[in-house]
Each structure stands twice: as structure tokens, then as C-alpha cells.
Amino acid sequence: MKNARAVRRRGFTHTVEIRNGDHVITADESRKDGGYDEGPSPQELLAASLASCSAVTLEMYADRKGWDIGHVMVEVRYEPAQRGSPTRFEIAVKLPKELPEDQRERLMQIVARCPVHRTLEGEVIFDEKIELV
């Protein structure tokens, strides 16, 4: 099982350090939401995870196929869930116009297969517990 840990920074309202292996990322809320805006919000990190996973998955697929797809950009816009409605993600994949249409179509199919996309659209199970230290 993979592991990520978030630790609240003492003296900061909503700022947390996320540790994953040797990597440290700061997450925070915007000033208007009571944070210090020291990093992306948790929902922004979720959208960034989807965008980066999509881009990496496209690159890996193109490499395996031997396709030179040039510069790729994936932009994710999202609308957080409101009561009774789901979170909405819009994924815009920007590819060079010179890329053949059959490759563009296949790459769009591959975007939906990135691990983060599949996690978000699939069933998720949470096992929540308190551990006293």
C-alpha cells in the first residue's frame, strides 16, 4: 500500500506539509479561505494530480508506440461537488495540430486510462481510524 503523510505546521492555520518518500509539498488554503496561500489547496492538488497523471500517461504511451507527439499540455478545470451533485472535471489536452487525427483520437482514449482518472471514476473505499501517539 502506498503512503502519503500530511502534517500541520504549527502556527499556521491551514498549512500542511505533505511527505511522500523524499518529497515534500506544501498544501494550504487561500487567504480568503483562512489560509496563508503557501501552496495549492488539497482540491487544487487533486486536479494537478489528474493533469500530471494524464500528461505522463500520454507521454509513456507515445514513447511505447514510437510516436513523436511534441509538446503536450494537459489542463484540468474542476467544479467542486455541491450537495447532491458530483465533482466535475474538464480535461483539455493540447497537442500539436500536425499530429495525425488517428493519433490524436487514440491519445484521448489513453487519457481516460491514467491511474488517477480511473481512481476518481471508480469505487473508492475508505478505512478511517484514529491512532493515538
Side-chain angles (χ1 to χ4, degrees):
M1 186 173 277
K2 303 276 184 178
N3 182 30
R5 182 175 15 148
V7 180
R8 182 178 170 268
R9 288 178 47 195
R10 198 181 280 288
F12 289 80
T13 308
H14 301 296
T15 307
V16 295
E17 282 185 358
I18 301 164
R19 296 189 176 272
N20 188 323
D22 294 334
H23 306 285
V24 178
I25 302 167
T26 300
D28 199 357
E29 293 293 338
S30 67
R31 290 186 186 280
K32 75 176 180 57
D33 290 327
Y36 289 96
D37 204 17
E38 299 254 328
S41 72
Q43 285 194 325
E44 291 167 338
L45 286 171
L46 181 60
S49 291
L50 180 56
S52 61
C53 185
S54 297
V56 168
T57 300
L58 287 176
E59 294 282 352
M60 291 171 69
Y61 181 81
D63 285 349
R64 278 196 307 274
K65 289 292 193 178
W67 296 350
D68 180 7
I69 61 173
H71 181 76
V72 173
M73 183 190 311
V74 178
E75 183 177 336
V76 172
R77 291 180 291 279
Y78 68 98
E79 185 177 320
Q82 302 299 319
R83 187 168 299 204
S85 68
T87 298
R88 178 181 170 85
F89 291 97
E90 292 179 0
I91 304 170
V93 180
K94 299 177 183 189
L95 298 168
K97 61 184 172 206
E98 300 82 21
L99 210 58
E101 186 173 345
D102 62 324
Q103 288 183 5
R104 290 193 308 256
E105 289 174 8
R106 183 64 182 139
L107 291 170
M108 286 309 296
Q109 293 170 355
I110 294 301
V111 165
R113 296 170 109 182
C114 91
V116 172
H117 192 291
R118 289 191 322 215
T119 298
L120 290 171
E121 71 182 0
E123 183 177 350
V124 179
I125 299 170
F126 295 94
D127 182 16
E128 300 155 338
K129 60 185 173 183
I130 293 176
E131 294 179 356
L132 302 175
V133 293

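- Under a hydrophobic clustering in which Ile, Leu, Val, Met, Phe, Trp and Tyr are joined whenever their side-chain heavy atoms come within less than 4.5 Å, directly or via other members, V116 and M60 fall into different clusters.
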Could you walk me through whether E101 and R104 pass the side chain to side chain contact (heavy atoms under 4.5 Å, CB included) test, one step at a time? CA-CA 5 Å; E101 186 173 345; R104 290 193 308 256; 3.6 Å; yes

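- The shortest side-chain heavy-atom distance between I25 and N20 does not fall under the 4.5 Å cut-off.
- Across all their heavy atoms, A112 and E121 have their closest contact at O-OE2, 4.1 Å.
- Under the 4.5 Å side-chain heavy-atom criterion for Ile, Leu, Val, Met, Phe, Trp and Tyr, L95 and V56 are members of distinct hydrophobic clusters.
- For the atom pair CG of L58 and CE of M73, the computed distance is 13.0 Å after rounding to the nearest 0.5 Å.
- Atoms CD1 and CD, from I110 and E105 in turn, are 13.0 Å apart once rounded to the nearest 0.5 Å.
- Listed here is the closest heavy atom pair of F89 and A47: CE2-CA, 4.4 Å.
- Between E59 and G70, the closest heavy-atom pair is OE2-O, 4.2 Å.
- By the 6.0 Å contact criterion, CG on D68 is open, its count of non-hydrogen atoms from other residues, nucleotides or ligands being 12 or less.
- Ion pairing of E90 with R77 is present here, as a side-chain N (NZ or NE/NH1/NH2) and a carboxylate O approach within less than 4.0 Å.
- Counting all heavy atoms, side chain and backbone alike, H71 lies closest to P96 at O-CD, 3.5 Å.
- Of the inter-residue distances, the one linking C53 atom SG with H117 atom NE2 reads 10.0 Å to the nearest 0.5 angstrom.
- Note that CD of E75 and OG of S54 are 12.5 Å apart. Values are rounded to the nearest 0.5 Å.
- Checking each of V24, L45, T26 against I18 for a side-chain contact (heavy atoms from CB on, under 4.5 Å) leaves exactly one that passes, namely L45.
- With values rounded to the nearest 0.5 angstrom, L46 atom CG is found 8.0 Å from T87 atom OG1.
- In this structure, the side chain of D28 engages the main chain of Y36 through a donor-acceptor pair within 3.5 Å.
- Residues G35 and H14 share a closest heavy-atom pair of N-CD2, 3.6 Å.
- Using a 30° and 60° split on the angle between ring planes, Y61 and W67 fall in the perpendicular class, above 60°.
- A donor-acceptor contact under 3.5 angstrom links the side chains of R106 and Q109, judged on distance only.
- Here the straight-line distance linking atom CD of E29 with atom CD of E38 works out to 13.0 Å at 0.5 Å rounding.
- For the side-chain contact (heavy atoms from CB on, under 4.5 Å) with C114, the qualifying choice from I91, V74, L50 is L50, the only one to do so.
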Starting from the C-alpha separation in whole Å, work towards a yes-or-no answer on side chain to side chain contact (heavy atoms under 4.5 Å, CB included) for L107 and L99. CA-CA 11 Å; L107 291 170; L99 210 58; 3.8 Å; yes

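- Counting only heavy atoms from C-beta outward, the side chains of T57 and V111 never approach each other to under 4.5 Å.
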